**Student:** 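Here's a structure for you.
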Amino acid sequence: MPPRFASSADAPIAMHLVDAESLQNWLDQQPARIQTWVRGSEYKPALGKVLLIPGASGAIEEVLVGYGTPAQRKRTRFHLAAAVPALPEGAYQIASGLPADVAEVEALGWLLASYKFDRYAGGQPKPVTLVAPAGVDAAKVEAIAAGEFLIRDLINTPANDMGPDSLEAAARRLADQHQAQIAVTTGDDLLDQNFPLIHTVGRASDRAPRLIDVRWGSTGPKLTLVGKGVCFDTGGLNLKPGASMGLMKKDMGGAATVLGLAHMIMALGLPLQLRVLVPAVENAVSANAFRPGDILPSRKGLTVEINNTDAEGRLVLADALAYGAEERPDMMLSMATLTGAARVAVGADLAPFFCDEDGIADRLMQASRDVSDPLWRLPFWDPYEGQIEPGIADLDNAPKGGFGGAITAALFLRRFAGEGVRYSHFDIYGWQPVSAPARPKGGVGMGARALLQALPDLLDI
């Protein structure tokens with residue numbers, strides 16, 4: 001079911017957000033029976049702590065929801081959503097205590113808390129719905145939540161049901177939903193159309209590699225999104241150990257994220273020309289798998305020495321970025337679950353991004369704070385350029401040394417993004433390791449909401 005707010009016609013239950021100070025102020029204005037109930041319950045307004053207040057008939061009349069302390073709120077996000085699992089089925093409406101400046105984020109968190117991946121196991125989440133708070137654009141928040149649900153569904157689907165063909169089908173459904181155009185180049189046609197790296201990485205699988213190309217909008221600035229669509233990554237001939245292969249269904253998280261962001265953009269009707277490029281492959285092992293030591297051509301004409309077949313994501317992105325840059329868009333962004341080095345640098349909760357322009361980076365950082373979608377800037381560090389130049393070929397896909405791996409990968413991609421194109425790269429994780437408010441364990445969007453928030457300023461729309 002798509003995420004939806006409740007209607008005020010659903011007889012919603014009044015809900016009050018309280019902290020230690022506001023609880024006493026609220027209590028002082030209540031009738032004696034409510035004061036007695038709350039004090040008798042010894043209620044403490046810890047973050048997400050719920051107290052149900054019955055009316056004369058015994059039915060729930062009002063609800064208190066703890067909003068915690070500033071220190072508690074600083075350590076997490078989507079604070080209102082922390083209460084959702086403890087609430088009985090029904091519709092709710094915030095009657096007091098919600099700060100206006102966080103109303104949209106908290107309302108979104110409530111919708112995101114309703115997500116459940118139920119494709120393989122039955123059971124719907126209990127319907128705990130919320131009337132959109134005053135001043136919140138309900139349609140906008142619902143569109144953002146639907147985009148996030150799409151990201152989560154795509155990442156959570158295992159590779160047996162989410163190969164390159166299935167990712168194409170998902171892109172086609174999205175294109176049909178928004179009357180967008182879609183073109184797909186598949187199998188050996190990739191060689192005929194000069195996408196040699198995409199073909200090489202994906203040729204070992206029995207599910208053909210492909211490049212998915214979605215276009216929407218005919219006026220306004222041109223925005224191109226490129227998402228890594230490695231539907232499963234064995235590591236190729238540099239085979240991953242089992243422990244490292246366990247989460248590789250999420251290696252198409254970049255593709256999932258750009259498709260989710262594309263849904264948000266199209267559903268909200270942003271005045272721009274959108275293009276989404278997804279190189280969709282499976283990095284498999286067979287007799288025709290590419291090898292360490294191979295030197296491969298690319299669409300841009302640069303040659304690449306393969307020092308590790310497990311550094312395949314940057315290869316498929318390279319051809320897609322080169323193709324996207326040929327149109328000279330006003331802005332091009334890539335999103336990929338690209339390096340373990342990014343996780344070592346910033347952990348699972350932050351999405352590092354690389355950008356040469358301070359103005360773009362500053363706007364992205366502000367947007368990430370505004371919508372609680374945390375980002376952190378890492379540098380395109382030019383002094384490391386020599387590390388990706390092996391001498392025997394133009395570029396090295398996996399430079400030795402072990403340091404700065406997220407940076408050298410980003411520098412590799414920048415070589416294909418083209419001179420004069422405003423380009424940023426996001427090295428996301430795409431996975432929530434431990435359940436948190438509004439973010440169950442599993443696939444998760446990273447960076448899409450911050451980008452959506454920043455786009456009007458970045459593209460002057």
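Note that the structure is a prediction, hence the values are computed from the model and not measured.
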**Student:** For residues T224 and Y323, determine if any side-chain heavy atom of one lies less than 4.5 Å from a side-chain heavy atom of the other.
**Tutor:**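 Not touching, per the 4.5 Å side-chain cut-off.
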
**Student:** Any side-chain heavy atom of Y120 sitting closer than 4.5 Å to one from P158?
**Tutor:**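 Y120 vs P158: side chains touch.
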
**Student:** Can you tell me how the ring of W381 sits relative to the ring of Y384, calling it parallel under 30°, perpendicular over 60° and tilted otherwise?
**Tutor:**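 Judged by the thresholds at 30° and 60°, the geometry between W381 and Y384 is perpendicular.
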
**Student:** Looking at residues at least two apart in the chain, or sitting in another chain, which of them share a side-chain hydrogen bond (donor to acceptor under 3.5 Å, both in side chains) with D382?
**Tutor:**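 Checked D382 against side-chain hydrogen bond (donor to acceptor under 3.5 Å, both in side chains); matches are R414.
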
**Student:** For the residue pair A361 and C355, what are the closest heavy atoms and their distance?
**Tutor:**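 Where A361 meets C355 most closely, the heavy atoms are N-SG, 4.1 Å.
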
**Student:** If you round to the nearest 0.5 Å, how far is NE2 of H178 from CD1 of I265?
**Tutor:**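 Here the interatomic distance stands at 10.5 Å.
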
**Student:** Taking atom CZ as the centre, does R39 end up with more than 12 heavy-atom neighbours from other residues, nucleotides or ligands that are less than 6.0 angstrom away?
**Tutor:**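 For R39, atom CZ is crowded (more than 12 foreign heavy atoms under 6.0 Å).
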
**Student:** For residues P3 and E142, report the shortest heavy-atom separation together with the two atoms involved.
**Tutor:**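 For P3 and E142, the tightest heavy-atom pair comes out as O-CG, 3.7 Å.
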
**Student:** Decide yes or no for P374 and R77: does some side-chain heavy atom of the first lie under 4.5 Å from some side-chain heavy atom of the second?
**Tutor:**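 Counting from C-beta outward, P374 and R77 do come under 4.5 Å.
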
**Student:** For K240, I'd like to know if atom NZ has over 12 heavy atoms of other residues, nucleotides or ligands within 6.0 Å.
**Tutor:**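 Buried by this count: over 12 neighbours within 6.0 Å.
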
**Student:** Donor-acceptor pair, Q29 side chain versus N25 backbone, under 3.5 Å?
**Tutor:**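 Judged by distance alone, yes, a pair lies under 3.5 Å.
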
**Student:** Run the side-chain contact (heavy atoms from CB on, under 4.5 Å) check on L23 and Y67 step by step: do they pass?
**Tutor:** CA-CA 10 Å; L23 174 59; Y67 209 51; over 6 Å; no

**Student:** What class does the angle between the rings of F353 and F426 fall in, given that below 30° is parallel, 30 to 60° is tilted and above 60° is perpendicular?
**Tutor:**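 Because their plane-to-plane angle is under 30°, the rings of F353 and F426 count as parallel.
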
**Student:** Can you classify the ring geometry of F380 versus F354 as parallel (below 30°), tilted (30 to 60°) or perpendicular (above 60°)?
**Tutor:**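 Aromatic pair F380/F354 classed tilted.
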
**Student:** Does any non-hydrogen side-chain atom of L261 lie less than 4.5 Å from one of L452?
**Tutor:**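 Side chain of L452 against side chain of L261, heavy atoms only: contact under 4.5 Å found.
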
**Student:** Using a 4.5 Å cut-off on heavy atoms from C-beta on, say whether the side chain of L174 contacts that of I182.
**Tutor:**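 I182 vs L174: side chains apart.
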
**Student:** Answer whether the closest heavy-atom distance between the side chains of K249 and W431 falls below 4.5 Å.
**Tutor:**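 K249 vs W431: side chains touch.
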
**Student:** Return yes if some donor-acceptor pair links the side-chain N/O of S166 with the main-chain N/O of D161 below 3.5 Å, else return no.
**Tutor:**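 Confirmed, S166 side chain pairs with D161 backbone.
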
**Student:** Any ion pair linking D349 and R439 (charged N to carboxylate O, less than 4.0 Å)?
**Tutor:**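 Yes, this pair counts.
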
**Student:** State, to 0.1 Å, how close G58 and P54 come at their nearest heavy-atom pair, and which atoms those are.
**Tutor:**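 Taking G58 first and P54 second, the nearest heavy atoms are O-CB, 3.8 Å.
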
**Student:** Treating R449 as the side-chain partner and V371 as the backbone partner, does any N or O pair qualify as donor plus acceptor under 3.5 Å?
**Tutor:**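 Here the side-chain-to-backbone pair exists.
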
**Student:** Please assess D153 against Y115 for the test side chain to side chain donor-acceptor pair (under 3.5 Å), listing each intermediate value before the final yes or no.
**Tutor:** CA-CA 9 Å; D153 280 348; Y115 175 82; 2.6 Å; yes

**Student:** Strictly distance-based, threshold 3.5 Å: is any side-chain N or O of Y43 a donor or acceptor partner for the main-chain N or O of G66?
**Tutor:**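 Here the side-chain-to-backbone pair exists.
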
**Student:** Is there a donor-acceptor contact under 3.5 Å from the side chain of W110 to the main chain of V128?
**Tutor:**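 Yes; judged by distance alone, with no hydrogens or angles, the pair exists.
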
**Student:** Under a 3.5 Å threshold, yes or no: a donor from one side chain and an acceptor from the other, between D28 and Q24?
**Tutor:**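 Q24 and D28 do have a side-chain donor-acceptor pair below 3.5 Å.
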
**Student:** Taking all heavy atoms of M266 and all of L274, pick out the closest pair and write down the distance.
**Tutor:**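 Here M266 and L274 meet closest at CG-CD2, 4.1 Å.
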
**Student:** Compare every heavy atom of E104 with every heavy atom of V141, then report the nearest pair and how far apart it is.
**Tutor:**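 Reported closest heavy-atom pair: CG2-CG, 3.7 Å.
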
**Student:** Got L64 and K49 here, is their nearest side-chain heavy-atom distance under 4.5 Å?
**Tutor:**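 Not touching, per the 4.5 Å side-chain cut-off.
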
**Student:** Is it true that the side chains of D19 and S22 contain a donor and an acceptor less than 3.5 Å apart?
**Tutor:**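 Note: D19 and S22 side chains meet the donor-acceptor criterion.
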
**Student:** If we ignore hydrogens and angles and just use 3.5 Å, is the side chain of E282 paired with the main-chain N or O of P164 as donor and acceptor?
**Tutor:**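 Looks like no, no N/O pair under 3.5 Å.
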
**Student:** With sequence neighbours excluded, tell me which residues meet ring pair (Phe, Tyr, Trp, His ring centres under 6.0 Å) with F78.
**Tutor:**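 F78 satisfies ring pair (Phe, Tyr, Trp, His ring centres under 6.0 Å) with no residue once adjacent residues are dropped.
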
**Student:** One pair to check against side-chain contact (heavy atoms from CB on, under 4.5 Å): Q273 and D330. What are the steps and the verdict?
**Tutor:** CA-CA 10 Å; Q273 298 179 68; D330 295 287; over 6 Å; no

**Student:** Apply the test side-chain contact (heavy atoms from CB on, under 4.5 Å) to residues H425 and L338: give CA-CA distance (whole Å), side-chain angles for both, the deciding distance (0.1 Å), then the verdict.
**Tutor:** CA-CA 10 Å; H425 164 62; L338 202 63; 3.7 Å; yes

**Student:** Could you grab the distance from atom CD of E312 to atom CG of N283, nearest 0.5 Å is fine?
**Tutor:**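 One gets 4.5 Å once the value is rounded to the nearest 0.5 Å.
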
**Student:** What pair of heavy atoms forms the shortest contact from A448 to M335, and how long is it?
**Tutor:**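 Closest pair (atom of A448, atom of M335, distance): N-CE, 4.4 Å.
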
**Student:** Could you walk me through whether Q366 and D457 pass side-chain contact (heavy atoms from CB on, under 4.5 Å), step by step?
**Tutor:** CA-CA 11 Å; Q366 183 59 53; D457 288 337; over 6 Å; no

**Student:** Could you tell me whether a side-chain N or O of R75 sits under 3.5 Å from a main-chain N or O of P70, the two making a donor and an acceptor?
**Tutor:**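 It does not hold such a pair.
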
**Student:** For the CG atom on N160, are there more than 12 heavy atoms of other groups (residues, nucleotides or ligands in this structure) within a distance under 6.0 Å?
**Tutor:**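 Yes, because the 6.0 Å sphere around CG of N160 holds more than 12 heavy atoms from other groups.
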
**Student:** With heavy-atom distances below 4.5 Å as the criterion, would you say the side chains of D165 and R210 are in contact?
**Tutor:**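 D165 vs R210: side chains touch.
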
